[in-house]
*Asks:* 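Below is one structure. I have some questions about it.
All chains are named by letter (A, B, ...) in the order of the sequence lines, taking the proteins before the strands, and each is independently numbered beginning at 1. Since the model is a prediction, treat every value here as computed from it, not as a measurement.
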2 protein chains.
Amino acid sequence: MPHDTPHAEACPGCQTPDLAFAQHDHGHCSTDALARAEALAVARGVRLTPVRRRVLEILLEEHKAMGAYDVLTRLAAEGFGNQPPVAYRALEFLEDQGFAHRICRLNAFTACMHPGEDHAPAFLICRVCDTVAEAPAAPVMAALTKAAAQSGFVIERANIEALGLCPACAGTA
Amino acid sequence: MPHDTPHAEACPGCQTPDLAFAQHDHGHCSTDALARAEALAVARGVRLTPVRRRVLEILLEEHKAMGAYDVLTRLAAEGFGNQPPVAYRALEFLEDQGFAHRICRLNAFTACMHPGEDHAPAFLICRVCDTVAEAPAAPVMAALTKAAAQSGFVIERANIEALGLCPACAGTA
DNA sequence: GATATGTATGTGATACTATAACACGTCAAG
DNA sequence: CTTGACGTGTTATAGTATCACATACATATC
Ligand SMILES: [Zn+2]
Ligand SMILES: [Zn+2]
Ligand SMILES: [Zn+2]
Ligand SMILES: [Zn+2]
């Protein structure tokens, strides 16, 4: 699922979403996603304030999901507020804007690796190393929409979360 | 997704899983699922004790998801223990045995309408009437498994939960 | 039948996750 | 300058889930 920007061609991580599981230049993932989020925020007239931006940066540090309280601890250590709403509000903003996703199963949040793209993500969660990858789920959503339609149900939002073993951890075992 | 028992032919709910959204003889859903769970428990040598059985009955009362504390309140009113572990332990047992499912997104649990069948369920949750239907998701799982395999990820368990409008509520709006 | 063993339940305490409600500061529009 | 919308900080509280230990009960063994 490549970008629609010129940048896409130069970005292995963007052309291989599931790079999350492979060795890669993660700085690239991170700065790219952040830059795109900033551009989108401007375009939409919403404000990527210091707290919000910092939370996104924290989420972008790794391909993991973080609990709201883990984020909060980091924020507090950096001089931001130290009460739950500080973290939850920033996370809610990021999710509303599609800059982050909630991983229901883990009660946790992860940065979106494809902000701005109209994507229906499925999450692959390694139960050993906790890495979370965002897999392209268009075919999955299509199948799900079809199954729902058979009983007349109209889907508005879907959570697709898979737990299992990433290539590295499957290999070790 | 009909049963593999003779009963299947006589059971509209079993042949039309998404009957959850339609008017139907719910007593049938309920007694059937309970009977099948009992048989499975015997076959597996596990014990469907009074608490566990009662929790399953409570979940079976409606095609809804119930929070652990809602279940606990009911249990307590009936003379069982009134502390959280009582409910959580029974719910965990039911989930382990495939007699109930956890709906992550709602922090809630719902009775399985197809106990014993090897099913990969997707849940259709109506955001208006709160009805939860268990849709056959074999094609969805197939698509998901395929997407995961492309990055070498091996899926062990998946949560597929869709939020939207059931036929009735979509019609009203 | 008595004893031992594993399993299930009851209970108190505690940890973890999330939201409500209100005060204060900032900034831009009128 | 005033107003109103928005974002943040803070207190308090609600909701979800697990730990740890004691007790009871079933089954298996002797
Ligand atoms: Zn990366
Ligand atoms: Zn892994
Ligand atoms: Zn029914
Ligand atoms: Zn089921």
Side-chain angles (χ1 to χ4, degrees), chain A residues 37-38 41-42 44-59 64-97 99-110 125 130 159 161 163, chain B residues 37-38 41-42 44-59 64-97 99-110 130 159 161:
Chain A
E38 281 177 330
V42 171
R44 292 172 187 169
V46 297
R47 300 197 302 163
L48 192 59
T49 62
V51 204
R52 291 169 176 176
R53 185 191 155 108
R54 189 71 194 112
V55 170
L56 182 53
E57 287 172 356
I58 290 171
L59 292 181
K64 303 261 162 98
M66 288 188 79
Y69 280 73
D70 297 324
V71 171
L72 179 58
T73 302
R74 296 281 302 270
L75 288 177
E78 298 174 19
F80 294 99
N82 66 347
Q83 297 303 312
V86 173
Y88 280 102
R89 284 194 289 233
L91 289 165
E92 186 185 15
F93 169 85
L94 295 174
E95 188 173 19
D96 287 346
Q97 296 300 321
F99 301 161
H101 299 289
R102 175 189 288 256
I103 310 294
C104 238
R105 180 163 191 137
L106 304 177
N107 292 325
F109 302 82
T110 191
I125 308 163
D130 292 324
N159 288 80
E161 303 173 5
L163 195 70
Chain B
E38 279 176 332
V42 171
R44 293 174 187 167
V46 297
R47 296 164 45 191
L48 191 60
T49 61
V51 204
R52 292 168 175 176
R53 187 192 155 106
R54 190 71 195 110
V55 170
L56 181 54
E57 287 172 357
I58 290 171
L59 292 180
K64 302 263 163 95
M66 288 187 80
Y69 280 74
D70 297 325
V71 172
L72 179 59
T73 301
R74 295 282 301 273
L75 289 177
E78 297 174 19
F80 294 99
N82 65 348
Q83 298 301 314
V86 174
Y88 280 101
R89 285 194 287 232
L91 289 165
E92 186 185 14
F93 169 85
L94 295 174
E95 188 173 19
D96 287 345
Q97 296 299 322
F99 301 162
H101 299 289
R102 176 189 287 254
I103 310 292
C104 239
R105 178 161 192 138
L106 303 177
N107 292 324
F109 303 81
T110 191
D130 293 323
N159 288 82
E161 303 172 6

*Asks:* Taking B:Arg52 for the side chain and B:Arg47 for the main chain, is one N or O donor matched with an acceptor at less than 3.5 Å?
*Replies:*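 Checked: pair present.
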*Asks:* Take atom CZ of B:Arg105 and atom P of C:dT17, then tell me their distance rounded to the nearest Å.
*Replies:*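 My rounded result for the distance is 19 Å.
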*Asks:* According to a strict under-4.0 Å criterion, is B:Arg52 in side-chain N/O contact with OP1 or OP2 of C:dA8?
*Replies:*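 The answer is yes; a side-chain N or O of B:Arg52 sits under 4.0 Å from OP1 or OP2.
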*Asks:* Between the side chains of A:Arg54 and A:Glu57, is the shortest nitrogen-to-carboxylate-oxygen separation below 4.0 Å, so that they form an ion pair?
*Replies:*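 The answer is yes: the pair qualifies as a salt bridge.
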*Asks:* Using a 4.5 Å cut-off on heavy atoms from C-beta on, say whether the side chain of A:Ile58 contacts that of A:Asp70.
*Replies:*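 With C-beta onward as the side chain, the pair stays apart.
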*Asks:* In whole angstroms, how far is the P atom of C:dA18 from the CG atom of A:Leu72?
*Replies:*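 Atom CG in A:Leu72 sits about 12 Å away from atom P in C:dA18.
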*Asks:* For the NE2 atom of A:His101 and the CD atom of A:Glu161, what is their distance to the nearest 0.5 Å?
*Replies:*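 Rounded to the nearest 0.5 Å, the NE2-CD separation comes out at 11.0 Å.
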*Asks:* For A:Asp96 and D:dC6, give me the distance from atom CG to atom C1', rounded to whole Å.
*Replies:*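 Checked: the CG to C1' distance equals 15 Å.
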*Asks:* Nearest-Å distance, CD (A:Glu95) to P (C:dA18)?
*Replies:*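 After rounding, the reported distance stands at 11 Å.
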*Asks:* Measuring from B:Leu48:CG to B:Phe93:CZ, what's the distance to the nearest 0.5 Å?
*Replies:*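 Separation between the atoms: 6.0 Å.
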*Asks:* Let me know the distance between CE of A:Met66 and P of C:dT17, rounded to the nearest Å.
*Replies:*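 Rounding to the nearest Å, CE of A:Met66 and P of C:dT17 are 12 Å apart.
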*Asks:* Protein within reach of the bases, or only the backbone? For nucleotides 12-21 of chain D, mark each nucleotide 5' to 3' as B, S or -, using heavy atoms under 4.0 Å.
*Replies:* ----BBBBB-
*Asks:* Once you round it to whole Å, what is the distance between P of C:dG25 and CZ of A:Arg47?
*Replies:*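 For the pair A:Arg47 CZ and C:dG25 P, the rounded distance is 17 Å.
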*Asks:* C:dT7 P sits how many Å from B:Gln97 CD, rounded?
*Replies:*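 For the pair B:Gln97 CD and C:dT7 P, the rounded distance is 13 Å.
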*Asks:* Could you report the tightest heavy-atom contact between B:Phe99 and B:Ala41, atom names first, then the distance?
*Replies:*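 Nearest pair, atom of B:Phe99 first, then B:Ala41: CZ-N, 4.2 Å.
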*Asks:* CG of B:Leu48 versus C1' of D:dA26: gap in Å, rounded?
*Replies:*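 The answer, rounded to whole Å, is 16 Å.
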